[in-house]
Chemist: 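I'd like to ask you about the structure that follows.
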Amino acid sequence: MARFCPSPTGNPHVGMARTALFSWAYARHRGGRFVFRIEDTDASRDSEESYDLLVDVMRWLGLDWDEGVEVGGPNGPYRQSQRMDVYADVAQRLLDAGLAYKAYDTAEELEQRRDAARAAGRPSGYDGLHRDLTPEQQAAYEAEGRQPVIRFKMPAKDWTFDDLVRGPITFGADNVQDFVIVRANGQPLYTLTNPTDDALMGITHVLRGEDILSSTPRQIAMYEAFAQIGLGHGMVPRFGHLPYVTGAGNKKLSKRDPESNLLGYRDQGFLAEGLLNYLALLGWSLPAVDGVEKDVFTLAEMVEAFEISRVNPNPARFDLKKCEAINGDHVRLLSDEELRARLVPFFVEEGLVQDPPTESEAAMLAAAVPLVHERMALLTEAVAMLRFLFVDDAVFTIDEADAAKQLDEKGLDVVRAALAALESIGSTVEWSTPTIEGALRAALIDDLGLKPRVAFGPVRVAATGSRISPPLFESLELLGRTRTLERLRAVL
RNA sequence: GCCCCGUUGGUCUAGCGGUUAUGACGCCGCCCUCUCAAGGCGGAGAUCGCCGGUUCGAAUCCGGUACGGGGUACCA
């Protein structure tokens with residue numbers, strides 16, 4: 001049983017997706033269940049919008065969950081904001097059992113002692129001053145108007161656990177002090193809610209970011225306390241800490257970093273399977289078969305082969321170029337029909353086709369998509385290359401730089417010759433790729449003695465508006481006789 | 001300050017005592033070619049952070065050290 005439990009703050013980012021992917025793949029590989037929980041206990045930072053994005057992203061990626069938000073399950077609710085009574089109860093039971101206590105230190109007092117500890121070369125965590133306050137002392141503080149936090153009483157022992165990706169890790173007793181589990185205002189903290197829910201939901205394997213590696217001893221201590229008060233399944237889960245995904249420099253990709261915005265990738269035309277494949281490669285790789293390494297694979301292949309022991313513990317830099325290359329491979333893996341279906345929203349978005357496309361628009365897409373299928377890494381590139389087929393003549397424009405380069409005097413001469421050649425077909429012979437190619441080659445290559453690239457460049461720019469386009473003759477066929485001739489005449 | 005994690009070409013990665021140190025992205029060149037891609041072929045690029053040890057032999061084991069990152073919160 002594994003889980004993914006993000007906090008709904010800001011935009012979902014790539015590091016988060018990688019964590020979700022690995023947890024999901026781990027659960028699926030082992031035939032376990034996957035829980036999707038939302039940790040929204042910090043009202044000041046969490047937002048409903050962010051929650052919606054999280055759900056949206058998980059669905060887009062295709063990382064399905066067996067229980068959790070939106071789908072429910074036996075251990076719900078799955079939003080921590082709806083489980084406050086559970087945490088209050090657990091906190092009280094810990095207090096009653098003497099496993100936690102109320103601490104009345106003010107922020108200033110804590111800071112002062114922290115500084116002193118640091119100056120003396122000691123760890124700077126809580127010093128346990130209020131650990132054994134008498135009822136009288138507590139009453140005295142409360143009489144002062146102090147509101148206590150609840151701190152967990154860390155047992156004085158060393159903490160060792162066998163990290164799923166890093167192996168044995170030990171923290172000395174002196175370095176893990178009593179920590180706050182409930183704020184002075186009564187709100188529970190992650191330190192309480194996370195282990196509580198993991199225990200209640202039967203989570204056995206926790207894959208999470210390296211940033212909370214050092215909080216693991218606390219979590220383990222919480223589980224041991226839970227066992228004492230009879231909460232949950234009484235077992236400590238296994239932990240695995242995934243490395244960071246970093247951006248330029250070595251800094252962790254933050255939520256504010258535009259490069260990390262997950263939905264931005266969808267909008268740019270990345271395929272979920274392409275992005276996921278790339279993310280998988282950041283810290284994991286498919287085992288080689290007969291010495292052959294394979295880095296383009298499907299989600300199913302990943303699930304089949306996913307061993308947590310193969311996960312790399314060192315941080316990986318997100319390389320957009322490689323991500324695009326992998327995505328391009330996945331685009332090519334799609335059938336023409338599937339690609340067309342994925343492309344439709346992008347054409348609709350640009351106003352190039354109706355929503356849903358009309359019959360003729362659909363037919364045009366069906367004919368045009370194969371022409372660009374292997375020419376793109378991102379879906380948006382198809383829109384750019386095929387726009388000339390869908391745009392009205394009134395708004396059709398030619399790239400200025402390309403026009404300057406190709407439609408000079410010599411270029412226009414070529415267009416004139418092409419126009420004459422094309423005008424002759426369509427009446428007696430069919431307007432088709434072979435007849436178009438035949439006519440143009442005869443007129444431009446044979447008669448004028450031009451090199452192909454010199455001959456077809458100007459025609460391409462005049463008809464498609466760009467020096468970069470799908471194959472020319474096929475493009476002209478799809479454009480149709482009338483529109484082709486009009487566009488050639490328009491530049492003369 | 002204290003604690004923890006990490007360190008193989010520009011980037012990601014294989015490697016688990018003996019390899020000319022693997023592959024991918026990117027880059028360069030050639031081929032194909034109506035543009036752009038895709039595809040094919042070839043090339044440059046790491047001695048595996050550093051020092052020391054163990055060993056006949058180390059990227060692989062051990063110990064130091066440097067550098068990077070994270071934590072040290074009434075954030076997660």
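Below, read A as the first sequence line, B as the second, and so on, with proteins coming before strands; counting in each chain starts at 1. All figures in this text were calculated on a predicted structure; none of them were measured in a lab.
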Chemist: Taking the P atom in each of B:rA21 and B:rG9, what is the distance between them to the nearest angstrom?
Modeler: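 Rounded to whole Å, the distance is 15 Å.
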Chemist: Does any residue of residues 39-54 of chain A have a heavy atom under 4.0 Å from RNA chain B, and if so, which ones, in number order?
Modeler: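 Nucleic-acid contacts, sorted: A:Glu39, A:Thr41, A:Asp42, A:Arg45.
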Chemist: Using the C1' atoms only, state how far B:rC5 lies from B:rG18, rounded to an integer number of Å.
Modeler: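 Approximately 31 Å lies between the C1' atom of B:rG18 and that of B:rC5.
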Chemist: Is there a side chain to side chain donor-acceptor pair (under 3.5 Å) between A:Ser432 and A:Glu477 once you walk through the steps?
Modeler: CA-CA 5 Å; A:Ser432 68; A:Glu477 178 186 330; 5.3 Å; no
Chemist: Given B:rU11, B:rG1, B:rU13, identify the nucleotide with an atom nearest to the side chain of A:Arg118.
Modeler: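 My answer, after comparing the listed nucleotides, is B:rG1.
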Chemist: Using both distances under 3.5 Å as the test, list the Watson-Crick or G-U wobble partner of B:rU60, or none.
Modeler: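 By the stated definition (distances under 3.5 Å), nothing pairs with B:rU60.
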Chemist: Roughly how many Å apart are B:rC67 and B:rC51, using the P atom of each and rounding to a whole number?
Modeler: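 Rounded to whole Å, the distance is 16 Å.
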Chemist: Could you tell me if A:Arg387 sits above the aromatic ring of A:Phe390, with its cationic atom closer than 6.0 Å to the ring centre and no more than 45 degrees from the axis?
Modeler: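 Relative to the ring axis of A:Phe390, which defines the angle, A:Arg387 lies outside at least one limit.
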Chemist: Within the pair A:Arg441 and B:rC34, is there a side-chain N or O less than 4.0 Å away from OP1 or OP2?
Modeler: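 Affirmative; the distance criterion is met.
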Chemist: From C-beta outward on A:Ser124, which listed nucleotide comes closest to its side chain: B:rC34, B:rC74, B:rU72?
Modeler: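 Shortest atom-to-atom distance from the side chain points to B:rU72.
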Chemist: Measure from the ring center of A:His130 to the ring center of A:Tyr141 and say whether it is less than 6.0 Å.
Modeler: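 Between A:Tyr141 and A:His130, which both carry aromatic rings, the centre distance is below 6.0 Å.
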Chemist: Can you classify the ring geometry of A:Phe239 versus A:His241 as parallel (below 30°), tilted (30 to 60°) or perpendicular (above 60°)?
Modeler: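 A:Phe239 and A:His241: parallel rings.
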Chemist: Of all the nucleotides listed (B:rG70, B:rC25, B:rC34), which has the minimum atom distance to the side chain of A:Lys321?
Modeler: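 Looking only at heavy atoms from C-beta outward on A:Lys321, the closest nucleotide is B:rC25.
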Chemist: Aromatic contact between A:Phe306 and A:Trp284, with the criterion being ring centroids under 6.0 Å apart: yes or no?
Modeler: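 Close enough - the centres of the two rings lie under 6.0 Å apart.
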Chemist: B:rG15 and B:rU60: how far apart are their C1' atoms, nearest whole angstrom?
Modeler: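 B:rG15 and B:rU60 have their C1' atoms separated by 8 Å.
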Chemist: Please confirm whether A:Arg79 makes a cation-pi placement over A:Tyr51, using NZ or CZ under 6.0 Å from the six-membered ring centre and within 45° of the ring normal.
Modeler: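 That pair qualifies as a cation-pi contact.
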Chemist: If I pick the C1' atom on B:rC3 and the same atom on B:rU8, what distance separates them, to the nearest angstrom?
Modeler: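 Each nucleotide's C1' atom is 28 Å from the other's.
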Chemist: For atom P, what is the distance between B:rC27 and B:rC36, given to the nearest Å?
Modeler: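 Straight-line distance between the two P atoms is 14 Å.
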Chemist: Partner of B:rG39 by Watson-Crick or G-U wobble geometry, both contacts under 3.5 Å, or none?
Modeler: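 Paired with B:rG39, as far as the under-3.5 Å criterion goes, is B:rC31.
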Chemist: For RNA chain B, whose closest nucleotide is more 5', that of A:Leu472 or that of A:Arg122?
Modeler: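 Upstream on the strand: A:Arg122.
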Chemist: When both hydrogen-bonding distances must be under 3.5 Å and the geometry is Watson-Crick or G-U wobble, what is B:rG10 paired with, if anything?
Modeler: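 Answer to the pairing question: B:rC25, which forms a Watson-Crick or G-U pair with B:rG10.
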Chemist: Kindly indicate whether a cation-pi arrangement holds for A:Arg151 with A:Phe179, taking the cut-offs as under 6.0 Å to the six-membered ring centre and within 45° of the axis.
Modeler: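 Checked: cation-pi criterion not met.
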Chemist: Taking the ring centre of each residue, are A:Phe270 and A:Tyr278 less than 6.0 Å apart?
Modeler: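 Not under 6.0 Å, so no.
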Chemist: Work out how far the C1' atom of B:rC30 is from that of B:rU22, and round it to whole angstrom.
Modeler: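 Straight-line distance between the two C1' atoms is 25 Å.
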Chemist: Taking the six-membered ring where the residue is Trp, are the ring centres of A:Phe152 and A:Tyr223 under 6.0 Å apart?
Modeler: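 No; A:Tyr223 has its ring centre 6.0 Å or more from that of A:Phe152.
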Chemist: Is the phosphate of B:rC2, meaning OP1 or OP2, less than 4.0 Å from a side-chain N or O of A:Arg114?
Modeler: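 Looking at the OP1 and OP2 atoms of B:rC2, neither is under 4.0 Å from any side-chain N or O of A:Arg114.
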Chemist: Determine the Euclidean distance between corresponding C1' atoms of B:rC34 and B:rU20; express it in Å to zero decimal places.
Modeler: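 Nearest-Å result for B:rU20 against B:rC34 at atom C1': 43 Å.
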Chemist: Assuming nearest nucleotide by heavy-atom distance, tell me which of A:Cys5 and A:Pro471 is located more 5' along RNA chain B.
Modeler: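 The residue mapped nearer the 5' terminus is A:Pro471.
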Chemist: Once you apply the 3.5 Å cut-off to both distances, tell me the Watson-Crick or G-U wobble partner of B:rU47, or none.
Modeler: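 Paired with no nucleotide.
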Chemist: Considering every strand shown, what is the Watson-Crick or G-U wobble mate of B:rC2 when both distances are under 3.5 Å?
Modeler: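 Answer to the pairing question: B:rG71, which forms a Watson-Crick or G-U pair with B:rC2.
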Chemist: Under 6.0 Å from the ring centre and within 45 degrees of the ring axis: does the NZ or CZ of A:Arg487 meet both conditions for the six-membered ring of A:Phe396?
Modeler: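 Judged by the rule (NZ or CZ under 6.0 Å from the ring centre, within 45° of its axis), A:Arg487 counts as positioned above A:Phe396.
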Chemist: Give every pair of a protein N or O atom and an N or O atom of nucleotides 4-9 of chain B that lie under 3.5 Å apart, one pair per line with the distance.
Modeler:
{"from": "B:rC5", "atom 1": "O2'", "to": "A:Arg166", "atom 2": "NH1", "distance (Å)": "2.2"}

Chemist: Let's see if you can work this out: which of B:rG70, B:rC74, B:rC12 has an atom nearest to the side-chain heavy atoms of A:Lys322?
Modeler: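 Looking only at side-chain atoms, A:Lys322 lies closest to B:rC12.
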Chemist: Across nucleotides 36-44 of chain B, 5' to 3', mark each nucleotide with B, S or - according to how protein heavy atoms within less than 4.0 Å reach it.
Modeler: BBS------
Chemist: So what does A:Gly121 touch, heavy atoms closer than 4.0 Å: a base, only the sugar-phosphate, or nothing?
Modeler: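 Sugar-phosphate contact only.
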